[in-house]
2 protein chains.
Amino acid sequence: MAPIISVFENSPDRGQGHARDMRVRWALEEVGQPYDIRTVSFKQMKKPAYRALHPFGQIPTYEEDGLTLFESGAIVLHIAQKQSGLLPEDEHARARAITWMFAALNTVEPPIVERETATYTERNRSWFEEHLEMLNERVHVRLRDLSASLGDAEWLDGTFSVGDLMMVCVLRRLEGSGILDRYPNLSAFVERGKARPAYQRAFDGQFAVFRAADTQ
Amino acid sequence: MAPIISVFENSPDRGQGHARDMRVRWALEEVGQPYDIRTVSFKQMKKPAYRALHPFGQIPTYEEDGLTLFESGAIVLHIAQKQSGLLPEDEHARARAITWMFAALNTVEPPIVERETATYTERNRSWFEEHLEMLNERVHVRLRDLSASLGDAEWLDGTFSVGDLMMVCVLRRLEGSGILDRYPNLSAFVERGKARPAYQRAFDGQFAVFRAADTQ
């Protein structure tokens, strides 16, 4: 049985591939694992049947013979540990690649999501501009360090890994903000990720779902 | 060589054990792995010598023969995969325990940190109370789901694992806010974690470092 992942029935980003199923799709494409999808609406996601798969009522979930996982990080790590192509063979290099995955999810993504959330929930508040400036600076603190660490390297630690995959997806959430433009090496890093054939197949996959919902 | 972890020379939480080295200490105590510590000041953390260990200039780092890791999540997972005691033997149960670790770090912790940060950085702004209410609600959204998922169970998925360890540490960041009081099963879950002998040894370890700095 091919694994099944859950995805938005109608992605709120209109097919830009910023939703968290993109990470899982990309990982599956990198290791060459075919998969099926289960589309869920916002309403379905909050119902008990779906919460039995995902306690927080979000996408994506991952189901394979007798195993259900949630959290894009856990799913991507599971795929990377099960099949080759996303983690180096060397044990130390493997641990470092996983470290970058956690850095993407727990150090770089939170201020980016915080900023993004404010643009939805605080836009009409009197304090929005002032607060946005603080939030932008919190993002820049992380990007400055990340940019310094990457330097002229192609990927974060040697060959392309699950750490790069996750970091590219996290940085892509800044698209449209202009923030990433200040870091040419990070912008180039994101573009290198997006140029990978597996990324492109994953992107096309999620876009097809959005188009199907949008033209109904 | 025993692994070396970096910790705050003078923890800003005054020895309450909310800093991220606590997670690593607790994991090391659970698996019975002795370790050494390297204390760093806020000034040292931002210098190139330390950034060579941790690109984002934070604690903790983890060093063992030829391997340096950062990110508490990555370090705790490394310890759990290397030694027994923090992950179930069964492969599926193992993947689910790791899922809970990611849920703690990427779904539950971010709104908690966001709220905590606002109490430092926005307390003197005119909008503080109004914004805090929004941030509290974001935390409650996660806690309601987590509480419903835990139900009457002792731990998040079967026996105590790395997922519970991380979730207890993340929830402890709410201590003093009163927020956790609304969820008796989550409060009891945190207390069960804190009652573990390994937790207590880890707590005493970090407290001794704080006391040594504070009485200088």
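Worth saying up front: this structure is predicted, and the values here are computed from it rather than measured. Labels below follow one simple rule: chain letters A, B, ... track the order of the sequence lines, proteins then strands, and each chain is numbered from 1.
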Asks: State plainly whether the residues A:Glu30 and A:Arg196 are in salt-bridge range, i.e. N to O under 4.0 Å.
Replies: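 Yes.
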Asks: Which residues, numbered in order, of residues 154-191 of chain B come under 4.5 angstrom of chain A by heavy-atom distance?
Replies: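 Counting heavy atoms that sit under 4.5 Å from chain A, no residue of residues 154-191 of chain B is involved.
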Asks: Return yes if a side-chain donor-acceptor contact under 3.5 Å exists between B:Thr107 and A:Glu71, otherwise no.
Replies: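 B:Thr107 vs A:Glu71: donor-acceptor pair found between side chains.
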Asks: Of the listed residues (B:Leu105, B:Val141, B:Thr68), which shares the most heavy-atom pairs with chain A below a 4.5 Å separation?
Replies: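 Ranked by heavy-atom pairs under 4.5 Å with chain A, first place is B:Leu105.
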Asks: Using 4.0 Å as the upper bound for N to carboxylate O, is an ion pair formed by B:Glu109 and B:Arg142?
Replies: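 Here B:Arg142 does not pair with B:Glu109 in a salt bridge, since their nearest N and O are not under 4.0 Å apart.
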Asks: Please output the residues of residues 34-61 of chain B in contact with chain A, using a heavy-atom cutoff of under 4.5 Å, in numerical order.
Replies: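 Contacts with chain A: B:Arg51, B:Pro55, B:Phe56, B:Gln58.
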Asks: I need the minimum non-hydrogen distance between A:Ser6 and A:Asp21, along with the two atoms involved.
Replies: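 For A:Ser6 and A:Asp21, the tightest heavy-atom pair comes out as O-CB, 4.1 Å.
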Asks: Looking at OH of A:Tyr120 and CZ of A:Arg123, how far apart are the two atoms once the value is rounded to the nearest 0.5 Å?
Replies: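 A:Tyr120 atom OH to A:Arg123 atom CZ measures 10.0 Å (nearest 0.5 Å).
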Asks: With a 4.5 angstrom heavy-atom cut-off, which part of A:His78 approaches chain B: side chain, backbone, both or neither?
Replies: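 The side chain, not the backbone.
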Asks: Restricting to non-hydrogen atoms, name the atom on B:Ala74 and the atom on B:Leu69 that form the minimum distance, rounded to 0.1 Å.
Replies: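 The answer is O-CD1, 4.5 Å.
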Asks: So for B:Asp65, is it side chain, backbone, both, or neither that comes closer than 4.5 Å to the heavy atoms of chain A?
Replies: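 Backbone only.
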Asks: Side chain, backbone, both or neither: which part of B:Ala148 has an atom under 4.5 Å from a heavy atom of chain A?
Replies: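 Neither; nothing under 4.5 Å.
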Asks: Any heavy-atom pair between the side chains of B:Gln33 and B:Pro3 that's under 4.5 Å?
Replies: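 SC-SC contact between B:Pro3 and B:Gln33 confirmed.
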Asks: Quick one: OG on B:Ser72 to OH on B:Tyr62, what's the gap to the nearest 0.5 Å?
Replies: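 Going from the OG atom of B:Ser72 to the OH atom of B:Tyr62 covers 14.0 Å.
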Asks: Treating A:Thr121 as the side-chain partner and A:Thr117 as the backbone partner, does any N or O pair qualify as donor plus acceptor under 3.5 Å?
Replies: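 The answer is yes, because a donor-acceptor pair under 3.5 Å joins these two groups.
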Asks: Need one label for A:Leu77: side chain, backbone, both or neither, based on atoms under 4.5 Å from any heavy atom in chain B.
Replies: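 Contact with chain B: side chain only.
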Asks: Taking non-hydrogen atoms and a cut-off under 4.5 angstrom, which of residues 124-138 of chain B neighbour chain A?
Replies: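 Near chain A, by residue number: B:Arg125, B:Trp127, B:Glu130, B:His131, B:Met134, B:Arg138.
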Asks: Out of A:Ala95, A:Gly66, A:Ala103, which one racks up the most heavy-atom pairs below 4.5 Å with chain B?
Replies: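 Option with the greatest count: A:Ala103.
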Asks: Identify, with sequence neighbours excluded, every residue that meets side-chain contact (heavy atoms from CB on, under 4.5 Å) alongside A:Ala202.
Replies: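 Counting only residues at least two positions away or on another chain, A:Ala202 forms a side-chain contact (heavy atoms from CB on, under 4.5 Å) with A:Met22, A:Arg25, A:Trp26, A:Glu29.
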